[in-house]
Amino acid sequence: MPELPEVEVCRLGISPHIINQQVTKVVVRNASLRWPIPESVQKITGQVVQSVERRSKYLLLRFSTGTLLIHLGMSGTIRVIEADIAVAKHDHFDLVFAHGKALRLNDPRRFGAVLWFENHIDEQGLLTKLGPEPLSDDFNYGYLFEKAKNRKVPIKTFLMNNQVVVGVGNIYANEALFKAGILPTVKACDISEKRYDRLTDIIKSVLSAAIKQGGTTLKDFTQADGRPGYFAQSLLVYGRAGQECFTCKTTLLEVRQSNRSSVYCPSCQLP
DNA sequence: CCCATGTCCTGGTCGC
DNA sequence: TGCGACCAGGACATGG
């Protein structure tokens, strides 16, 4: 269930357990994820994890000869466990380490990915077209306003476009627009610079708060140690269609946009 | 049958 | 007409 906060929570959780650790075995139980896990992942055997980075929702494990890219898709989770713990359904991939632990990927829907790149991380073009990281200084005042010029797409769809800004998925797009008081159906080009500046601040604060609380657990997301995230308790509109707005008691409404559900308060959120 | 946290890809439309 | 940018929707697999 990962959006950016969940992936970042995952990165923070697994990093201390696997950095500087040597991989002794690579186990592929089911290679058919979004793309087949390549045979070349076996080349990781014997190598040491140098760093665990994140770009957008991609986890990047750096080794001396290349990078292992992991994406959790819609339903992926990663845990660091004792390597001899029994395999569960949908446990597709393990990195086993010399200290007896294993990084284990579980992904029921198999929309996730495990890829190995030597030298050129972007052989597949997955990272080249991505917009700025929302928590970086590249995502700043004026950016969204400039980017939105002539864009007639609804603001909700605009925010979820990875070429605009990465990491803002359906949950946090809904939450940020509620907090910013912007109707999700407004055209991106019709929003003022001032409102975009406020929205930029809100996106940063919503994502940061979610990371601090360990992400949002809806069904299956867990942190690296198996604990759930607690941000679900902070959700103001996502998943609350038909219920009262916490601010004004108006009934929250739901619309479909680009095949995704948007929940909003018709009173607090304005065109 | 409905719905679901992501995103690549296809095919259509629009403007220059 | 051509080209590129933009945009809507399908597709993927499994579970609740």
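Here is how names work: the chains are called A, B, and so on, in the same order as the sequence lines, proteins then strands, and each is numbered from 1.
- We find that CE of A/M74 is positioned 15 Å from P of C/dG16, with the value rounded to whole Å.
- Ranking B/dG6, B/dC8, B/dA4 by closeness to the A/Y58 side chain, first place goes to B/dC8.
- When each of B/dC8, B/dC3, B/dG6 is scored by its nearest atom to the side-chain atoms of A/L126, the top-ranked nucleotide is B/dC8.
- Side-chain N or O atoms of A/R240 include one that pairs as donor or acceptor with a backbone N or O of A/L236 at under 3.5 Å.
- Once the 5.5 Å centre distance and the 30° plane angle are applied, the aromatic ring of A/F111 is found not to be stacked with the base of B/dT7.
- The shortest distance between the side-chain N/O atoms of A/K152 and the OP1/OP2 oxygens of B/dC14 is not below 4.0 Å.
- Nearest nucleotide to the side chain of A/H90, out of C/dC7, B/dG6, C/dT14: C/dT14.
- Distance A/W35 CH2 to C/dA13 C1': 15 Å, rounded to the nearest Å.
- With respect to A/E118 and A/K43, a salt bridge is recorded, a charged nitrogen being found less than 4.0 Å from a carboxylate O.
- Distance CZ (A/R256) to C1' (C/dA8): 13 Å, rounded to an integer number of Å.
- Across all strands, A/R34 comes closer than 4.0 Å to base atoms (heavy-atom distances).
- Listed pair A/R260 / B/dG6 meets the phosphate criterion, a side-chain N or O lying under 4.0 Å from OP1 or OP2.
- In summary, A/R29 and A/D94 engage in a salt bridge, as defined by a charged side-chain N under 4.0 Å from a carboxylate O.
- B/dA4 and C/dC7 have their C1' atoms separated by 23 Å, with the value rounded to a whole Å.
- A close approach under 4.0 Å does occur between a side-chain nitrogen or oxygen of A/S261 and OP1 or OP2 of B/dA4.
- Distances from the side chain of A/P108 to the nucleotides B/dT7, C/dA8, C/dG15 place C/dG15 closest.
- For a distance-only test at 3.5 Å, the side chain of A/R110 fails to qualify as a donor-acceptor partner of the base of C/dT14.
- Within 4.0 Å of A/N162, counting heavy atoms only, lie sugar-phosphate atoms of the nucleic acid but no base atom.
- Nearest-nucleotide mapping onto DNA chain C: of A/F158 and A/N259, the residue sitting toward the 5' end is A/F158.
- When both pairing distances are held under 3.5 Å, B/dT13 makes a Watson-Crick or G-U pair with C/dA5.
- Here C/dG16 presents its C1' atom at 13 Å from NZ of A/K89, a figure rounded to the nearest Å.
- Checked by atom type and distance alone, the side chain of A/K179 never pairs as donor or acceptor with a backbone atom of A/V206 at under 3.5 Å.
- Listed candidates were B/dA4, C/dG15, C/dC12. Nearest to the side chain of A/Y238 is B/dA4.
- Closest contact between the side chain of A/R151 and the listed nucleotides C/dG15, C/dC7, B/dA4 involves C/dC7.
- Regarding A/K129, its NZ atom lies at a distance of 10 Å from the P atom of C/dA5, rounded to whole Å.
- Side chain of A/H71, nearest nucleotide from C/dA8, B/dT7, B/dA4: B/dT7.
- At whole-Å resolution of the value, CD in A/E254 and P in B/dC2 are 15 Å apart.
- Look at CZ on A/R109: it is 18 Å from P on B/dC8, rounded to the nearest Å.
- Separating the CG atom of A/L159 from the C1' atom of C/dC7 is a distance of 16 Å, rounded to the nearest angstrom.
- Salt-bridge check for A/K57 with A/E6: failed, with every basic side-chain N at 4.0 Å or more from each acidic carboxylate O.
- No donor-acceptor distance shorter than 3.5 angstrom exists from the side chain of A/E146 to the backbone of A/G142, with no hydrogens or angles considered.
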